[in-house]
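Numbering starts at 1 and runs along the sequence shown. Quantities reported herein were computed from a predicted structural model and do not represent experimental measurements. Counting convention: from 1, in listed order, for ligands and their atoms alike.
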Amino acid sequence: MTQFPGTPEYTGLNTPIGEEYDLASLVVEGHIPTDVEGTFFRATPDPAFPPYVEDGGAILSGDGMVSAVRFVGGKASFAMRYVQTERHRAEAAAGRALFGKYRNPFTDRPEAKGLDRTVANTTPVWHAGRLLMTKEDGRPYRVDPHSLETLGRHDFGGKLRSATVTAHVRIDPGTGEMFFYGYEADGLASTKVAYCIADRQGHLTREQWFDTPYCALMHDFVITEHYVLFPVYPTTCDLDRLKAGGDHWVHEMSRDSWLGVMPRYGDVEQMRWFRGPKGVSCFHLMNAFENENGRISVDQCLSNVNAFPFIQRASGLNVAPSETGGRLARWTLDLENGSESVTETVIGPPGDFPLIPAPRQGRPYTHAWMLTMNPEMRGPPMAGGPVGAMFNMLLRLDFTGRPPQALALPPAHCFNEPVHIPSSKPGHEGWLVTLVDRETGPSDFEHAVWIIDAGNVGAGPVARIAIPHRLRPQVHGWWVSAAQLATAA
Ligand SMILES: [Fe+2]
């Protein structure tokens with residue numbers, strides 16, 4: 001193919017942009033709070049070259065682009081660059097796609113053999129003065145936070161053994177350590193998971209490997225003050241299927257889910273596996289914390305089936321969005337009563353992109369934010385993103401008994417994942433910064449950065465900053481304060 005296909009993965013909001021650009025002195029409507037001083041980094045998949053194979057998972061394989069929304073002294077600017085992965089450089093040199101289906105190297109062109117397949121398109125992670133562009137199928141690429149120049153692959157000074165690193169790390173607010181893992185750590189369809197800790201200086205201090213009950217799509221995990229927990233949901237991989245040119249993932253409704261738990265500074269031999277419901281799926285966990293009497297609660301955006309249409313198709317499933325049973329679920333496990341399964345309670349509505357204040361990571365918490373669909377919206381949600389539909393309502397959930405707050409967007413608008421910025425004012429909950437897309441015509445869109453009072457989301461944005469350029473849907477973002485940027489390694 002010399003042109004991008006006319007399929008949903010490449011049209012409308014998902015139309016490839018493929019431009020690197022800088023926008024200085026953006027027009028600000030409203031007032032940027034003084035707390036909002038730093039950079040909002042965003043990861044966006046954006047394929048540089050049309051595919052040569054049909055691939056439902058293509059939306060997840062777009063070349064990683066890193067963008068920076070910079071806030072300095074009440075002014076805002078924007079910059080966007082490709083992450084210069086080995087894959088992107090090879091394809092740019094060839095002038096065409098060399099890599100085939102999502103996470104299936106058996107579909108690659110011969111020139112791609114031996115090259116790093118990752119596209120670093122999922123989360124910009126900031127730790128120990130380094131900005132890392134991550135994707136769970138490979139090792140991260142380090143990017144200069146000021147110039148957005150790619151500095152190369154990051155392997156913790158040659159110490160990391162795992163071939164993969166998750167895009168969902170957890171940073172302990174007390175110790176400053178980064179907890180992370182890599183699944184399929186030694187290759188395709190492997191059950192090996194590497195569990196790792198980097199200290200606050202970014203040195204890899206621990207890497208231990210363990211086996212999961214089966215090879216699963218392990219997108220996220222959680223920590224508490226004393227434990228680390230690895231959820232396993234039955235979206236599975238099979239090497240023979242890959243060799244036959246098939247999809248990396250299928251979802252198996254008849255298989256158990258699992259939750260592995262071990263002391264976070266313990267030995268993987270101590271891992272205990274608790275059984276969860278069959279067939280469930282989750283991409284993002286909100287938080288986890290320890291209760292009294294040896295119980296641990298794990299809060300997650302759960303559904304009864306994997307929500308990705310391309311994974312459902314590969315699995316022979318076709319579950320309507322209204323039938324997926326999405327909910328914010330709390331799984332509680334008891335380390336002391338001898339039980340071997342989790343207990344579920346529903347603590348919130350369907351949705352995704354959960355967000356908590358960084359100081360509450362792994363601790364009991366009173367509130368959180370997430371994106372959801374407005375149940376009162378008439379008409380379909382905006383099409384776009386990997387699941388095919390974009391969220392149109394922002395929620396502040398309260399776990400102390402107070403009612404939720406909601407910010408519902410008008411029709412033809414949608415949210416990308418927000419980041420949270422703490423406030424310097426005691427008692428103030430800080431700010432949320434997010435990209436809002438607006439459909440203005442069949443293939444026309446406008447984009448703006450919104451700044452929202454995190455404790456009063458229903459009031460709408462305190463500032464809106466138009467980005468006068470097309471943007472593709474973001475995956476995840478990360479806030480890096482000016483003080484943190486000043487410590488860049
Ligand atoms: Fe994610």
Side-chain angles (χ1 to χ4, degrees), residues 14 40-46 57-62 64-67 83 102-103 118-127 131-141 164-171 178-184 193 216-223 229-233 235 248-249 251 280-288 298-303 306-311 324 326 328-329 350-356 358 361 368-372 384-391 394 414-420 434-435 472-479:
N14 289 341
F40 172 24
F41 291 103
R42 304 165 63 250
T44 304
D46 198 341
I59 193 85
L60 304 179
S61 282
M65 293 194 94
V66 54
S67 61
V83 184
Y102 167 73
R103 295 179 76 171
T118 196
V119 282
N121 68 6
T122 310
T123 312
V125 168
W126 179 267
H127 184 247
L131 181 64
L132 303 175
M133 285 294 286
T134 59
K135 185 179 183 67
E136 65 198 28
D137 67 352
R139 290 172 169 178
Y141 277 77
T164 62
V165 168
T166 176
H168 286 284
V169 307
R170 298 277 171 179
I171 295 176
M178 180 168 77
F179 293 79
F180 63 100
Y181 64 97
Y183 73 91
E184 296 185 74
V193 175
L217 195 173
M218 293 174 68
H219 188 64
D220 195 359
F221 81 136
V222 275
I223 59 168
L229 299 105
F230 298 95
V232 172
Y233 312 97
T235 298
H248 197 97
W249 300 122
H251 192 73
V280 293
S281 176
C282 161
F283 283 89
H284 300 118
L285 293 98
M286 185 172 269
N287 200 8
V298 178
D299 298 346
Q300 54 190 308
C301 299
L302 196 71
S303 54
N306 192 306
F308 279 94
F310 80 93
I311 294 179
T324 56
L328 181 61
D352 207 339
F353 296 118
L355 178 62
I356 59 169
Q361 182 71 256
W369 303 272
M370 63 185 262
L371 299 181
T372 189
V387 180
M390 301 291 288
F391 290 110
L394 168 67
C414 66
F415 281 114
N416 291 260
E417 182 190 54
V419 289
H420 177 244
T434 182
L435 236 302
R472 218 165 178 255
Q474 158 201 327
V475 187
H476 296 293
W478 199 285
W479 173 253

Taking only residues two or more places apart in sequence or in another chain, which ones pass side-chain contact (heavy atoms from CB on, under 4.5 Å) with [X]?
X: Pro354; answer: His284, Met286, Cys301, Asp352
X: Ala389; answer: Met373, Pro381
X: Ser67; answer: Arg42, Phe78, Met80

_Less than 2.8 Å away from the Fe ion (ligand 1), how many protein N/O/S atoms can be counted, ignoring water?_
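N, O or S atoms of the protein closer than 2.8 Å: 4.
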*Any donor and acceptor pair, going by atom type alone, linking the side chain of Asn121 with main-chain N or O of Gly62 inside 3.5 Å?*
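Judged by distance alone, yes, a pair lies under 3.5 Å.
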*Give a yes or no answer on whether the side chain of Glu417 reaches the backbone of Gln474 with a donor-acceptor pair at less than 3.5 Å.*
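Between the backbone of Gln474 and the side chain of Glu417 there is no qualifying donor-acceptor contact (under 3.5 Å).
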_To check you understand the geometry: which heavy-atom pair defines the closest contact between Leu60 and Phe310, and what is its length?_
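Here Leu60 and Phe310 meet closest at CD1-CZ, 3.6 Å.
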